[in-house]
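For reference, the structure is listed below as structure tokens.
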Amino acid sequence: MSTATTELTYTSDEMMSIAAARALSAGQRCFVGIGLPSTAANVARRSHAPDLVLIYESGALGAKPDRLPASIGDGILAETADAVVSVPEVFNYWLQPGRIDVGFLGAAQLDKFGNINTTVIGDDYANPVVRLPGAGGAPEIAASCHEVYVIVRQSKRSFVDRVDFVTSFGHGRGNGDRARLGLPGAGPTLVITDLGVYRPDEHTSELTLTALHPGVTVEQVREATGWQLRVADELARTPAPTSDELAVLRALKEAS
Amino acid sequence: MSTATTELTYTSDEMMSIAAARALSAGQRCFVGIGLPSTAANVARRSHAPDLVLIYESGALGAKPDRLPASIGDGILAETADAVVSVPEVFNYWLQPGRIDVGFLGAAQLDKFGNINTTVIGDDYANPVVRLPGAGGAPEIAASCHEVYVIVRQSKRSFVDRVDFVTSFGHGRGNGDRARLGLPGAGPTLVITDLGVYRPDEHTSELTLTALHPGVTVEQVREATGWQLRVADELARTPAPTSDELAVLRALKEAS
Amino acid sequence: MAEIVSLADAVAELVRDGDVVALEGFTHLIPVAAGHEIIRQRRRDLTLVRMTPDIVYDQLIGAGCARKLIFSWGGNPGVGSLHRFRDAVQNGWPEPLEIEEHSHAGMANRYVAGASGLPFAVLRGYTGTDLASVTSTIKQITCPFTGERLAAVPAINADVSIIHAQRADRAGNVQLWGLVGVQKEAVLAAKRSLVTVEEVVDELEPVDGGIVLPSWAVTRVAEVPGGAHPSYAQGYSERDNGYYAEWDPISRDRAEFEKWLERTRTTGVPA
Amino acid sequence: MAEIVSLADAVAELVRDGDVVALEGFTHLIPVAAGHEIIRQRRRDLTLVRMTPDIVYDQLIGAGCARKLIFSWGGNPGVGSLHRFRDAVQNGWPEPLEIEEHSHAGMANRYVAGASGLPFAVLRGYTGTDLASVTSTIKQITCPFTGERLAAVPAINADVSIIHAQRADRAGNVQLWGLVGVQKEAVLAAKRSLVTVEEVVDELEPVDGGIVLPSWAVTRVAEVPGGAHPSYAQGYSERDNGYYAEWDPISRDRAEFEKWLERTRTTGVPA
């Protein structure tokens, strides 16, 4: 799908990546998965947040790749990092104690309370309809980072009322579930899709549409959401990608 | 004290170090403390056991110093080691799982069951007669190495019936105490002093004199022992240091 | 001391039917050639352990070498799913695959416990997730000082761990650098170990960020240049991204896969 | 991000009366100059933590800065005893010193737990020794999988940890090499941290066996050439063995020590 503005043509994936990049602030420490999160984080680092600290679970602290890494173990991560540590160390010394500001996660299913499923589709774990890759670093990223940003392509299949399997805990069933479990971080505070932006309601923790990307309607969003979606009173409109942002994103992709 | 043989003059400390060096075999992995153990291990490595693997608790695995290190943190250990690791790693990954053949320890007090005290002299821990340095790595070296060799200058003060404080567990009160506690290593299998050599009795684990150094009498040994000493039926005589052994030992000391 | 032998001899000697086998390498330095040799030698009933089972585990599973998989993330990095893995889990083809599933933090700590000679490790993990309800090797433990409840996971002590490294010297000391993942822990945790290396050299010159596994901590070393292909070996070879993409259609189709398997078994040269 | 300040400012800001303070450096890279600055600023009631309290802790104790010592080995390496430490323990001079005594393995794991954000660590330790009977921070814990009993020790999370390193860059990233001891863990475990360095450089060139502490994991950096004297800084300075020997007669005699203390306090230059 591509959307035309007055001047620029860009895809909804590009809008999503750029919206996610904008959410990152200068100086933040960001724990990044490969794929959409890595793309967004690297766009941010190469535009408005040059001192963003990228941490990859493969052990690269402060990686500064000049192209998108092909995998979590891409050599460019080690070569450009401030420090390279073992995998046990990255989880135990750096993630677990709460040293990371933002955990950037993807999802196969995301539910209305920000819980993430990357394990199985279907109700029976032993006989899944679809076997997904599994947890990776996500459960502890979701638990320990100060905040979690989720980036996911939105559809009724991915945006569900309740995930089939809680791989990574978001807000549980809402209303203080995280605090009850003693989880240190704030959990998913921001969800960015190819259609819009969502934040948990401050009282119920239910994900609420807070911004629409250019050209997207609330109707379209509702059709791509598997629950009765709440919409913020003041619904914002995401500014379209600037030519600078698109240039950075496309240069990164081309270099890869 | 110095002892004359037909040709060579050497001190009882030199005899002790050389006797201890001889106890180490080629290819063994040896966890070495600074002082007498380090001297003995380095003499062994530079004479009959060139592939002896020296491990220092400061994190040097396979150190090959060409002089005696001045401290456990001497730079020559890191510079000549096969691998340098952190202090937590040396204890957790290398010592604790039982990868080390011989733990070489000193002692302020050693008792008739090979228990070691390096903590306090006197019965009241809170108000000690003499405050000693403390445990260091010894308790876990004594627990986890396959065998423990103790090297100590012998006197009624150091060779006692029962240590004032068990810093490092030897054979407890004997008779299977180690097995009862689930300790993996065999504990002290050899004690070398400036007077002779001791081994635990195979039934009672009580230290028994098995060899006298040149010129030393059983009488002298009894006078320097704080318990009713048992003497092996076949009491050996330690061969005097050879000129080669003395040359290696003195070259190491001079280089330091 | 690690003896230097051929890959075929090392696998024949160290990997036995029914063993718990860990091939580690976190996207970098994956011991793929050793995995193919296990396929060629037709090992069976293996419990395969790996944080990130990817193509080589897809191949081992498809070839029927495994009865169980212990893992934390299984996928074709940058491409998508592992279809042989999926087929085994969803359809029991070529045979059923039992799975024991953790998070990366849990798996990493299981290796740390194994390397440390401890029966278990403690972490802040799994809280609120469904993993603890489907995985019996996730339990809780109480801090004896604060009363806080934490997760506990048992040590992994594989019968044999296999890794790929850049270099060894003739005495069998192993050197690796770059992203070193959990390889040291995997080797130290195992009863036996095999390290395939890009080359055997006279002397291990120090390398930035390099670590050395002393010869006496390794069982066997085999010189296998390119033994990590299609993953990469920093300083020696690049990642073959095309291979990962090309694996997808092979893996999706049982017949295509069986052709691959036949080729791999007969030629002795990994496709 | 670590701010680069003077040693006096860093100590004034970071070290407060009553704090738990860890100065680490396992015989190598001991932050002695920082210890002397604590003496000059007349801090009181500190709980001093260190695996191997040696001369600088003897000095801090003799100067009356400490009310408690948490440690595993206290001596003058290669020389003998710490007489100010002994005088405090045996005679309460200049004031009583409470002690909390562990083994190296226990202390190292307490820092590891602290750095890992865990309340405790598990180890095979202390079995059969009298340490567990005199130290309340040694407890037992049962493995939830095997039923085995092991030792547990609580995390150390100092108010401030101080280490000495070879270099920092202008952004405050810290680099150290050689025997790196438990310094990374001590810094990561602490609420605040100070790293004194031999020099501040434009760029941290990689060094064999070097580790880097990112600026964002450190509170303050101070450039203090020779700040580890009389211990050594690999690549910069040798160990001053004479100082260790000369300390013995000073430490043995209260009057001699007080002269040393007066000199240290007034000149601003460590004797």
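Chain letters run A, B, ... following the sequence lines, proteins first and then strands; every chain starts at 1.
Counting heavy atoms from C-beta on, the side chains of Asp159(C) and Arg16(C) never come closer than 4.5 Å. Side chains of Thr137(D) and His102(D) form a contact here, defined as non-hydrogen atoms less than 4.5 Å apart.
Looking at Ile141(C), the atoms closer than 4.5 Å to chain D (heavy atoms on both sides) all sit in the side chain, from C-beta outward. Neither the backbone nor the side chain of Val212(C) comes within contact range of chain D; no heavy atom of the residue lies under 4.5 Å from a heavy atom of that chain.
Between Phe26(C) and His104(C), the distance separating the two ring centers is shorter than 6.0 angstrom.
Between chain D and the residues Glu148(C), Gln140(C), Lys139(C), the most heavy-atom pairs under 4.5 angstrom are made by Lys139(C). Chain D forms the most heavy-atom pairs under 4.5 Å with one residue out of Pro144(C), Pro206(C), Gly209(C), and that residue is Pro144(C). Between chain C and the options Val153(D), Thr146(D), Val207(D), the largest number of non-hydrogen pairs under 4.5 Å is found for Val153(D). Considering only heavy-atom pairs separated by less than 4.5 Å from chain D, the leading option among Ile211(C), Leu150(C), Leu123(C) is Leu150(C). Of the listed residues (Ser116(C), Gly210(C), Ala155(C), Ala152(C)), the greatest number of heavy-atom pairs within a distance under 4.5 Å of chain D belongs to Ala152(C).
Taking both residues in full, the closest heavy atoms of Met107(D) and Ser72(D) are given as CG-OG, 3.5 Å, listed atom of the first, atom of the second, then distance.
A salt bridge does not link Arg167(D) with Glu198(D): none of the charged nitrogens is closer than 4.0 Å to a carboxylate oxygen.
Between Phe85(C) and Phe71(C), the ring planes lie perpendicular to each other; the angle is over 60°, past the 30° to 60° tilted range.
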